[in-house]
Amino acid sequence: MFASPLRWNDVWLMLQGAGVTLSLTFWAVLGGTLLGLILGVVRPSSRWWVSAMIGFVLDIFRSVPLLIQLVLVNSFNSIVGLRLPVFTVACVALALYTAAYCAEVVRSGVLAVPLTTRRAARSLGMSWWQDITSIVLPMGMRVMLPTWIGLTLGVMKDTALVLWIGVAELLKTSQSIITRTQEPLLVLAIAGLIYFVISYPIARAGMRLEKKWNTQ
Amino acid sequence: MIEVSDVRKSFGKLEVLKGINLTVKKGEVLSMIGGSGSGKSTMLMCINGLEPIQSGRIVVDGIDVHAKSTDLNHLRKRIGIVFQQWNAFPHLTVLENVMLAPRKVLKKNRQEAEQIAVRHLKHVGLGEKLKVFPSRLSGGQQQRMAIARALAMSPDYMLFDEVTSALDPQLVGEVLDTMRMLSKEGMTMIVVTHEMRFAREVSDRVAYFHQGKIHEIGSPEQIFGSPNQPETANFLKSVHGA
Ligand SMILES: Nc1ncnc2c1ncn2[C@@H]1O[C@H](COP(=O)(O)OP(=O)(O)OP(=O)(O)O)[C@@H](O)[C@H]1O
Ligand SMILES: [Mg+2]
């Protein structure tokens with residue numbers, strides 16, 4: 001291909017790496033969003049000291065570099081002898097990291113819903129849970145979605161860090177191909193293109209949804 | 001029947017209700033008037049348990065609102081409340097706004113809930129706006145939607161908290177007309193209002209709130225015509241439309 005040592009087989013390997021990147025992102029965002037939703041919804045209506053404690057833990061996850069968290073979770077896995085596959089370890093670490101940010105996204109969405117609106121819902125006999133699911137989350141969604149999309153795209157790029165604990169995702173695969181072919185520019189350009197092709201539809205879908213909501 | 005006996009309520013150190021006694025019978029329309037900060041809104045919120053009280057009792061049809069064992073969500077089905085802010089649920093259409101609580105709280109199926117909602121929306125003159133989002137409605141229309149939303153629960157009581165105060169003057173009339181209609185239909189209502197002419201016209205009794213107490217209560221003729229208390233007279237002098 002292109003009269004260079006790069007072969008189609010290498011591109012295929014990169015696509016497989018991209019698959020790993022995608023599934024890492026998927027699990028991290030899924031787990032992180034679920035946990036973040038719970039924390040973000042519970043926190044504004046919990047006692048101050050519970051809220052403060054949750055806030056403190058989330059602050060730690062947000063301020064310690066992800067790479068360090070990955071290495072720590074990975075060591076924890078081997079020290080305690082959980083014997084989880086390194087892919088699972090990566091997913092767990094990424095999901096916790098995502099949850100810390102997502103909780104904040106959800107919290108600001110929840111707080112953006114006026115108390116008077118929530119009071120109106122409760123005055124109709126709706127329970128706290130019904131208020132959360134029928135009023136607060138759908139209304140807060142408009143505030144949360146843009147930041148959540150940003151978070152998802154950010155996490156997808158951050159998954160590259162898991163190469164340090166030995167998961168062969170897109171960047172790791174690209175690196176080994178570069179080592180063999182000595183074609184860094186071409187390989188990295190292809191890798192960048194793949195990242196873009198994955199991100200772009202997500203960003204577009206978010207923009208479309210936002211536009212639709214704005215016309216309501 | 002709503003029975004309020006010796007209710008005291010504080011926000012922190014500030015005592016807002018200082019021993020309120022009040023009975024509202026079935027079918028009665030009671031207006032609450034009084035200066036800003038006299039505790040009228042707080043009283044309404046305490047009646048349907050949106051705010052806790054410090055002492056005293058509020059009993060609605062034999063149910064002690066503030067007893068630990070009381071299921072407030074159940075009680076609130078029977079007490080509708082409409083606020084000064086319109087509080088539309090902006091992500092739902094007008095029809096869906098009104099259908100939501102019948103579906104979630106009364107567990108009606110979609111078809112039943114829709115029938116109920118359409119009936120009440122027509123009743124308040126919004127039959128043409130079913131599929132519209134609230135942001136496309138005027139303030140008066142949003143407020144009438146809020147009334148329909150409360151009525152869709154078939155409440156036995158309706159509480160109104162200055163529902164026309166945030167409206168442009170030309171929109172006040174349509175909302176007052178809706179309330180007039182309800183009172184003619186025999187709805188039991190407590191109406192906090194600054195519209196003195198309206199209070200005089202629809203009320204069976206008028207309560208004047210002053211510094212966290214019911215300073216004077218009586219028929220509209222008596223309160224507006226010959227108030228016993230100098231504070232009542234002063235208040236009435238200070239507002240328009242008396
Ligand atoms: N959530 C709250 N926290 C603290 N203080 C409050 C709260 N709600 C009301 N208050 C205070 O309680 C007092 C009574 O308020 P309330 O809203 O019941 O008066 P109001 O008679 O409805 O007045 P207005 O005519 O202005 O609506 C006021 O001094 C107010 O500042
Ligand atoms: Mg008030």
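- Taking every heavy atom of both residues into account, B:M99 and B:A117 meet most closely at CG-CB, 3.6 Å.
- Among the candidates A:M141, A:R142, A:M126, A:R119, the residue making the largest number of heavy-atom pairs closer than 4.5 Å to chain B is A:R119.
- Looking at B:L159, there are no atoms closer than 4.5 Å to chain A (heavy atoms on both sides), in backbone or side chain.
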task = Test B:S41 against B:D161 for side-chain hydrogen bond (donor to acceptor under 3.5 Å, both in side chains), laying out the working first.
result = CA-CA 6 Å; B:S41 301; B:D161 189 3; 2.8 Å; yes
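- A distance of 9.0 Å separates CD in B:Q84 from CG in B:L167, rounded to the nearest 0.5 Å.
- The residue among B:M153, B:R136, B:K104 with the most heavy atom pairs within less than 4.5 Å of chain A is B:K104.
- For chain A, the nearby part of B:E51 is the side chain; its heavy atoms alone come within less than 4.5 Å.
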request  = Show your reasoning for whether salt bridge (Lys or Arg N to Asp or Glu O under 4.0 Å) applies to A:E169 and A:K172.
outcome  = CA-CA 5 Å; A:E169 43 63 72; A:K172 170 88 175 168; over 6 Å; no
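- Ring geometry, B:H123 versus B:H120: the interplanar angle exceeds 60°, so the pair is classed perpendicular (tilted spans 30 to 60°).
- Interface residue B:L100: only side-chain heavy atoms are found under 4.5 Å from chain A.
- For B:R149, the parts lying under 4.5 angstrom from a heavy atom of chain A are both the backbone and the side chain.
- For B:A88, the part lying near chain A is the backbone, with the side chain staying farther off; criterion is any non-hydrogen pair under 4.5 Å.
- Using modelled atom types, one finds no donor on one side chain facing an acceptor on the other under 3.5 Å when comparing B:N48 with B:Y157.
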